[in-house]
Trainee: 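Take a look at this one; I'll ask things after.
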Amino acid sequence: MTAQSFSRLPGFRDFPPEDLAFRAHIFEAWRTVARRYGFQEYDGPPLEALDLYVEKSGEEIVGQLYAFTDKGDREVALRPEMTPSLARILAERSRALPKPIRWFSIPQLFRYERQQRGRLREHFQWNVDIVGEEGVAADAEVLAVAIDGLRELGLGPEDFRARVSDRRLLSAILSSTGVEPAGMDDAFAAIDKIEREPRERVRARLAGAGVGESDADAVLTLFQDGGAEAAREAFGGREAVDSELARLEEYVAILGAMGLGAFVEVDLAIVRGLAYYTGIVFELFDRLGSLRAICGGGRYDRLLERVGGEALPAVGFGMGDVVLGELLRERGRAPGHARGVDDYLVVIGEAQRSVMLRVAHALRSSGRSVLYSLKDQSVRKQFKAAESEGAARVLVLGPDEAARGVLVARDMGTGLEEEIAITALEAG
RNA sequence: GUGGGCGUAGCUCAGCCGGUUAGAGCGCCUGACUGUGGCUCAGGAGGUCGGGGGUUCGAGUCCCCUCGCUCACCCCA
């Protein structure tokens with residue numbers, strides 16, 4: 001049991017160099033795209049007051065918090081998502097910031113739940129938010145960032161798609177069928193389950209939420225394969241529905257104008273589990289549908305004021321590294337781990353070591369990565385080490401070379417050798 | 001939280017009906033080989049067979065418990 005007690009905690013990952021390189025590759029794409037869209041990076045503490053999440057994130061998240069009481073008797077939780085922290089941070093300083101605020105972050109998030117494919121107890125999530133702009137152009141901008149993040153990693157419309165909807169449109173449709181505001185959450189929950197539960201069961205749930213008998217079938221059909229046109233056919237002309245529909249269509253049109261139309265489809269069954277969403281919501285899925293959602297987001301116009309800040313509209317998304325990593329590996333988009341140094345210095349005879357160290361340090365000072373054997377080894381051994389370290393070039397310093405003030409430089413790719421003056425190397 | 005499958009070397013795995021000292025390939029280390037890497041050859045290290053208990057003359061193998069991994073459910077960052 002001794003050895004076991006030092007193993008990794010379930011649901012947590014180690015990142016040996018190859019895995020860290022893969023993670024860094026993903027982060028780099030995320031940062032590149034976020035900056036391309038003019039977003040600034042921020043971060044916050046991994047531990048927050050428990051209250052920040054209770055009743056603001058939704059039941060599911062609160063039930064799976066990594067929460068405990070700290071030594072100062074504070075109820076705290078490891079952050080399960082970034083948006084509440086963002087809201088808290090902005091509550092303190094948003095008034096002084098020019099709007100709209102474009103911020104992004106790559107926090108490590110935690111949830112206490114049983115792990116399975118694509119779900120661990122810890123993951124890194126790219127969060128991108130626009131705060132202070134209520135227009136649909138901001139919603140489109142945010143989804144464009146998410147799509148471009150995946151494109152930057154080599155994925156195209158054949159690999160993934162964005163399913164978009166709008167809670168305001170859902171509300172308009174549902175209230176036109178008799179659902180009262182009090183029953184709206186139940187109705188959303190029923191629609192959220194439409195792909196996973198039998199039709200009759202969903203129908204019963206909808207009826208329980210207040211959907212009138214005459215509309216039940218139309219609602220079910222619409223949400224099972226419903227796009228914008230189907231919604232207009234079934235519920236167009238009803239007050240409020242038309243204007244909500246027009247906004248969603250404008251949203252899709254903006255993305256089309258950006259050239260991203262191939263990625264986007266309206267799917268009214270997308271609801272999102274989090275309690276704070278108020279408008280357009282979206283999720284990104286792999287085309288084969290074998291993986292979980294890669295990314296989810298939407299508009300949350302009430303959250304900032306609910307944590308005591310300025311009443312600012314906001315829209316954003318979160319994209320986790322776990323499912324995305326699986327998709328990239330599945331599609332052969334994971335880069336090979338290229339290790340290697342620029343130079344490996346070989347000495348023939350320890351008498352040459354001090355000169356070699358001087359050269360090595362000069363090369364390192366000039367920015368090159370340099371390795372050499374830390375102990376006396378045969379030339380063969382040193383070459384083998386150079387090989388396994390992935391050195392691009394080997395510099396050989398033996399008694400002959402030292403006497404003449406030169407080094408033999410061997411290109412490890414071509415095997416070609418030439419002499420270089422030590423003074424030339426030291427000059428950089 | 002519920003149910004199924006799987007745990008043998010760092011990795012991938014073999015191990016017959018329960019039978020002597022648990023194996024292979026790859027990787028790692030050493031040597032052949034202190035003036036040149038990839039190849040070859042020889043040798044070596046590395047295992048409480050996930051852990052505990054039980055049955056048995058005898059358990060990697062059978063039984064029970066437990067831990068871990070994994071898939072599905074619940075749910076979904």
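Side-chain atoms are counted along with the backbone in the values below, which use heavy atoms only and exclude waters and symmetry mates.
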Trainee: Other residues, nucleotides and ligands only: do more than 12 of their heavy atoms fall within 6.0 Å of CZ on A:Arg119?
Mentor: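 Enclosed.
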Trainee: Could you tell me the separation between the CD1 atom of A:Ile294 and the C1' atom of B:C76, rounded to a whole number of Å?
Mentor: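 Atom CD1 in A:Ile294 sits about 15 Å away from atom C1' in B:C76.
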Trainee: Which atom pairs link the protein and nucleotides 36-42 of chain B when you take only N or O atoms and keep those under 3.5 Å?
Mentor:
residue	atom	partner	partner atom	Å
B:U36	O2	A:Glu417	OE2	3.3
B:U36	N3	A:Glu417	OE2	2.8
B:U36	O4	A:Glu417	OE1	3.4
B:G37	OP1	A:Arg380	NH2	3.4
B:G37	N7	A:Arg410	NH2	3.1
B:G37	O6	A:Arg410	NE	3.3
B:G37	O6	A:Arg410	NH2	2.8
B:G37	N1	A:Met412	O	2.6
B:G37	N2	A:Glu387	OE1	3.0
B:G37	N2	A:Met412	O	2.7
B:G37	N3	A:Glu387	OE1	2.8

Trainee: Can A:Arg102 be said to sit on top of A:Tyr37's aromatic six-ring, NZ or CZ under 6.0 Å from centre and within 45° of the ring axis?
Mentor: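 No.
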Trainee: If you check every side-chain atom of A:Asp400, which of B:G35, B:C76, B:U34 has the closest atom?
Mentor: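 Nearest to the side-chain atoms of A:Asp400, counting from C-beta on, is B:G35.
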Trainee: Rounding to the closest angstrom, what is the interatomic distance between B:U70 and B:U34 at atom P?
Mentor: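 After rounding to an integer number of Å, I get 47 Å for this pair.
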Trainee: Determine: side-chain N/O of A:Lys193 to OP1/OP2 of B:C74, distance under 4.0 Å, yes or no.
Mentor: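 So the side chain of A:Lys193 is outside the cut-off, no N or O lying under 4.0 Å from OP1 or OP2 of B:C74.
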Trainee: Take A:Arg121 and A:Pro10, find for each the nucleotide of RNA chain B with the closest heavy atom, and name the residue whose nucleotide sits nearer the 5' end.
Mentor: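 Mapping each residue to its closest nucleotide by heavy atoms, the 5'-most match is A:Pro10.
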Trainee: To the nearest Å, give me how far apart CD (A:Glu113) and P (B:C73) are.
Mentor: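 Rounding to the nearest Å, CD of A:Glu113 and P of B:C73 are 14 Å apart.
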Trainee: Does a salt bridge link A:Asp217 with A:Arg199, judged by any charged N lying under 4.0 Å from a carboxylate O?
Mentor: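 Salt bridge between A:Asp217 and A:Arg199, a charged N being under 4.0 Å from a carboxylate O: yes.
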Trainee: Cation-pi check, A:Arg121 to A:Tyr112: give yes when NZ or CZ is under 6.0 Å from the six-membered ring centre and within 45° of the ring axis, no otherwise.
Mentor: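 Because its charged atom sits under 6.0 Å from the ring centre and within 45° of the axis, A:Arg121 does stack over A:Tyr112.
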Trainee: Measuring only the C1' atom in each nucleotide, how far is B:G50 from B:U36? A whole number of Å is fine.
Mentor: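 Result for the C1' pair: 46 Å, nearest Å.
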Trainee: Hey, do the aromatic rings of A:Trp126 and A:Phe317 have their centres closer than 6.0 Å?
Mentor: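 Centroid separation for A:Trp126 and A:Phe317: below 6.0 Å.
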Trainee: Does a side-chain heavy-atom distance below 4.5 Å link A:Leu407 with A:Glu401?
Mentor: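 In short, these two side chains do not touch, never coming nearer than 4.5 Å.
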Trainee: Under a 3.5 Å cutoff on both atom distances, Watson-Crick or G-U, what's the dot-bracket for RNA chain B ([ ] crossing, | other strand)?
Mentor: (((((((..((((.....[...)))).(((((.......))))).....(((((..]....))))))))))))....
Trainee: Looking at the base of B:C76, is there any donor atom on it, or on the side chain of A:Arg111, that sits under 3.5 Å from an acceptor on the other one?
Mentor: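 Counting by modelled atom types and ignoring angles, no donor-acceptor contact under 3.5 Å is found here.
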Trainee: I'd like the P distance from B:G35 over to B:G23, given in whole Å.
Mentor: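 Rounded to whole Å, the distance is 40 Å.
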Trainee: With A:Leu206, which of A:Thr177, A:Ile191, A:Asp186, A:Ile194 fulfils side chain to side chain contact (heavy atoms under 4.5 Å, CB included)?
Mentor: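 By the side chain to side chain contact (heavy atoms under 4.5 Å, CB included) criterion, A:Leu206 pairs with just one of A:Thr177, A:Ile191, A:Asp186, A:Ile194: A:Ile191.
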Trainee: Using a cut-off of 4.0 Å on non-hydrogen atoms, how would the nucleic acid contact of A:Leu9 be classed: base, sugar-phosphate, or nothing?
Mentor: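 It contacts nothing in the nucleic acid.
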Trainee: For the pair A:Asp139 and A:Arg167, find out whether any cationic side-chain nitrogen is under 4.0 Å from an anionic carboxylate oxygen.
Mentor: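 No, A:Asp139 and A:Arg167 are not salt-bridged.
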Trainee: Please report the distance separating the C1' of B:C16 from the corresponding atom of B:C11, rounded so that it comes out in whole Å.
Mentor: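 Between the two C1' atoms, the distance is 26 Å.
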Trainee: Answer with base, sugar-phosphate or nothing: what part of the nucleic acid does A:Gly118 contact at a heavy-atom distance below 4.0 Å?
Mentor: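 A:Gly118: base contact, heavy atoms under 4.0 Å.
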Trainee: Would you indicate whether A:Glu134, at its atom CD, is surrounded by more than 12 heavy atoms from other residues, nucleotides or ligands within a distance under 6.0 Å?
Mentor: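 It does not: A:Glu134 CD has 12 such atoms or fewer within range.
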Trainee: Mind checking the P distance from B:G38 to B:G47? Whole angstroms is fine.
Mentor: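 These two P atoms come out 29 Å apart once rounded.
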Trainee: Rounded off to whole Å, could you give me the CD-to-P distance for the A:Gln115 and B:C75 pair?
Mentor: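 Roughly 20 Å, once rounded to whole Å.
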Trainee: Once you apply a heavy-atom cut-off of 4.0 Å, does A:Pro399 come out as touching a base, just sugar-phosphate, or nothing?
Mentor: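 Base: the residue A:Pro399, judged by heavy atoms under 4.0 Å, touches a nucleobase.
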Trainee: Determine the Euclidean distance between corresponding P atoms of B:C67 and B:C75; express it in Å to zero decimal places.
Mentor: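 B:C75 and B:C67 have their P atoms separated by 25 Å.
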Trainee: Whole angstroms only, please: what is the CZ-P distance between A:Arg119 and B:C75?
Mentor: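 Between P of B:C75 and CZ of A:Arg119: 10 Å.
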Trainee: Between B:G68 atom C1' and A:Phe12 atom CZ, what is the distance in whole Å?
Mentor: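 The answer, rounded to whole Å, is 16 Å.
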Trainee: Could you check whether A:Lys99 pairs with A:Glu133 (Lys NZ or Arg NE/NH1/NH2 to Asp/Glu carboxylate O, under 4.0 Å)?
Mentor: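 No, this pair does not count.
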Trainee: Among A:Arg151, A:Arg331, A:Arg333, A:Arg287, which residue satisfies the salt bridge (charged side-chain N to carboxylate O under 4.0 Å, His left out) criterion with A:Asp159?
Mentor: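 The single option meeting the salt bridge (charged side-chain N to carboxylate O under 4.0 Å, His left out) with A:Asp159 is A:Arg331.
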Trainee: Under 4.0 Å between any heavy atoms, over every strand shown, what does A:Asp321 touch: base, sugar-phosphate, or nothing? Just pick one.
Mentor: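 Counting heavy atoms under 4.0 Å across all strands, no contact is made by A:Asp321.
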Trainee: Check the distance between B:C76's P and A:Tyr277's OH and give it to me in whole angstrom.
Mentor: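 The answer, rounded to whole Å, is 12 Å.
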Trainee: Rounded to whole angstrom, note down the P distance from B:G5 over to B:C63.
Mentor: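 It works out to 12 Å between them.
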Trainee: I need the CG-P distance between A:Asp376 and B:U34, as an integer number of Å.
Mentor: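 These atoms are roughly 10 Å apart.
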Trainee: If the C1' atom of B:U21 is compared with that of B:G27, how far apart are they to the nearest Å?
Mentor: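 Rounded to whole Å, the distance is 26 Å.
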Trainee: Rounded to the nearest Å, what distance is computed from the CZ atom of residue A:Phe285 to the P atom of nucleotide B:C76?
Mentor: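 For the pair A:Phe285 CZ and B:C76 P, the rounded distance is 12 Å.
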